[in-house]
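Working notes, structure below.
Just so it is clear: chains get the letters A, B, ... in the order the sequence lines come, proteins before strands, and each one is counted from 1.
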Amino acid sequence: MYILGISAYYHDSAAALINENEILYAAQEERFTRIKHDASFPINSIKFCLKEQKISLRQVDYIVFYEKPFLKFERLLETYLSFAPKGFQSFKLAIPIWLKEKLFLKKTLIDNLKKICNDDNLVKKIKFSEHHLSHSASAFFPSPFESSAILTMDGVGEWTTTSMAFGNKNKLDIIKEIHFPDSIGLLYSAFTYFAGFKVNSGEYKLMGLAPYGSPKYKKLILDNLIDIKDDGSFRLDQSYFNYCVGLTMTSKKFNKLFNASPRKASEPLTEFQMDLAASIQSVIEEIVIKLAKNAKKELSVNNLCLSGGVALNCVANGILVKNKIFKNIWIQPASGDSGGALGAALAYIHLGLKLRRKIQKTDSMKNALLGPKYNQNEILKQLRSLNANFLTLKTDELIDKTSNALKKGKAVGWFQGRMEFGPRALGNRSILADPRSPKMQRELNLKIKFRESFRPFAPAILLEKVNDWFELSSESPYMLLVSKILSNKRVFVNNSKKAIGLKKLNFQYSKVPAITHVDYSARIQTVSKDTNPFFYKLTKSFYRKTRCPILVNTSFNVRGEPIVNSVEDAFNCFINTNIDVLVIGNCYLEKNQQNIKPNINYLNQFELD
Amino acid sequence: MSFILEILRYFKTRKKYWLAPIFLVLLLLGWLFVAAQGSVVAPFIYTLF
């Protein structure tokens with residue numbers, strides 16, 4: 001039996017293929033179309049899943065969409081009605097899209113699926129899950145737990161913005177929900193918008209900005225914008241927001257409260273935005289902790305699963321782990337809407353068809369390595385057609401040469417095996433570097449990623465060494481937990497505490513400055529032999545040479561570009577940035593050996609995020 | 001036809017019959033916009049819609 005899950009038409013469209021035994025493949029459409037957060041029908045992702053499994057669409061038994069369009073439309077109409085006549089402008093923009101496409105979703109899906117295969121049974125095969133049920137299913141069913149509490153938090157699905165559920169074996173019951181317009185996802189997005197970043201993509205920037213500021217507006221937020229109860233439930237004062245009826249996230253009253261206007265993208269970041277970021281981060285953490293405490297109290301279980309966009313707030317996740325409310329926590333690596341495709345398929349197989357669940361010791365996500373891969377012959381063929389100059393090396397030699405390059409301070413594009421599913425590069429489509437270099441963070445940001453200098457980089461560390469370097473006590477294979485570096489690895493500089501805002505960047509905070517944020521924190525990825533043996537081997541080789549078990553691991557792309565998918569994407573990114581070395585499969589490429597001129601318009605093709 | 005059946009099933013499941021006339025009026029109004037516009041542009045906060 002095959003089940004295909006689909007998420008599309010809002011942001012981060014994706015497809016996932018599962019059978020009764022395992023998760024087979026999953027990929028996001030943006031990786032194929034090269035349009036960041038692409039929301040279009042995931043035709044390429046579906047084709048990839050089917051091709052990889054060597055099946056046709058006719059052999060797929062069910063196709064499950066990750067949310068219910070009628071319920072969403074109901075929310076839309078009721079919202080417009082309750083605010084009428086306000087919101088007419090927004091209504092005028094939203095309704096035509098619904099009437100042309102979204103309301104007749106089944107037909108739209110069939111029309112698109114027919115482009116792949118003219119299957120007469122498509123009408124019967126198509127099913128719909130609910131948005132937060134899809135998130136809950138994506139968090140619980142692949143987890144290593146037999147039973148668990150499940151929390152999902154995001155912007156909004158149909159009506160639900162936050163849910164608490166209980167999962168046991170192949171069952172999953174939603175216990176409590178918080179409904180639109182009360183949403184911590186939208187609250188965070190409102191601050192993202194106010195700080196001058198793009199909604200639905202700039203949330204990471206706001207999180208990265210928080211350690212530069214202090215939470216001086218937290219009280220103002222708690223006194224005016226949001227009422228948080230002891231059980232973590234909350235209510236937003238809608239007079240400060242405009243997302244229900246307008247085309248902006250915040251209202252004039254919000255501006256008045258903070259005595260400012262939303263920052264324009266072209267304006268410089270100031271301490272004000274940093275303090276705002278720190279304040280809202282602190283509020284989010286408070287809500288997440290209260291929700292978790294309440295889930296523990298009501299469900300009396302040791303395990304917690306998390307999903308939804310807010311679960312990508314790894315600072316809040318790290319605090320949750322540190323608080324030890326639950327013994328074990330598992331977070332879906334594709335917690336955003338792309339993971340909804342997987343959740344929809346899993347929800348249908350276990351809840352709809354009631355098939356038993358096979359629980360794996362670590363989890364069932366295959367380290368999130370569920371995307372396309374290229375064998376050595378394909379790599380050789382493609383590199384030759386790109387006129388690349390390269391060496392083909394045996395594995396041991398390749399590892400040795402790459403770790404030497406890293407030790408010398410080179411930035412290495414590392415392309416191996418299957419592409420990651422979800423927003424994080426976990427060592428298969430990564431740019432790697434030496435974390436000990438004080439210049440590396442700035443160099444990587446400005447010369448390779450072409451992004452803001454304040455943004456931090458994440459460490460990939462050998463699992464067995466994590467306790468020697470960080471306060472983290474658990475595994476973090478998906479780079480979803482933030483923890484502080486141990487005090488014996490820190491470097492204390494007298495003036496660093498006096499520095500404010502981005503001036504904090506001028507100091508070195510640890511022995512591995514490239515991955516240590518200004519508050520001594522880092523977003524950790526633990527690398528183990530079992531989950532990614534090849535990446536483990538490289539990190540280990542670097543450790544043997546340097547006694548440093550850590551590599552800088554950032555996604556293989558530039559700002560605004562989706563993570564590279566194909567050999568050609570990787571080669572183009574390598575040629576058009578300051579990456580020194582590219583390793584694809586067993587092929588080793590050095591920049592100074594290439595005869596291809598960079599494309600001066602390379603960066604311009606990707607919209608700023 | 002299948003769309004009408006599905007929408008009827010939706011009203012039955014959700015028991016929000018009061019929404020039906022509003023639904024109809026808004027649909028008609030919406031169609032007027034579509035006819036007037038020709039092409040549609042996604043609104044700014046697309047996640048909500």
| request: Name the orientation class of the two ring planes belonging to A:Phe104 and B:Phe3 (parallel below 30°, tilted from 30 to 60°, perpendicular beyond 60°). | output: tilted
| field | Atom group of A:Glu78 that falls short of 4.5 Å from chain B, counting heavy atoms | value | side chain
| request: Check whether A:Leu103 gets within reach of chain B through its side chain, its backbone, both or neither, counting any heavy atom under 4.5 Å. | output: both
| remark: Among A:Ile95, A:Leu99, A:Leu71, A:Thr79, the residue with the most heavy-atom pairs under 4.5 Å to chain B is A:Leu99
| said: Out of A:Lys107, A:Glu74, A:Glu101, return the one with the most heavy atom pairs under 4.5 angstrom to chain B. | reply: A:Glu74
| said: I need the A:Leu77 CG to B:Leu19 CG distance, nearest 0.5 Å. | reply: 6.0 Å
| request: State the OG1-NZ distance between B:Thr13 and A:Lys68, to the nearest 0.5 angstrom. | output: 8.0 Å
| query | Of all residues at least two apart in sequence or in a different chain, which pass the side chain to side chain contact (heavy atoms under 4.5 Å, CB included) check with A:Ser335? | reply | A:Ser307, A:Ala311, A:Leu312, A:Ile331, A:Gln332
| Is any side-chain heavy atom of B:Arg14 closer than 4.5 Å to a side-chain heavy atom of A:Phe70? | no
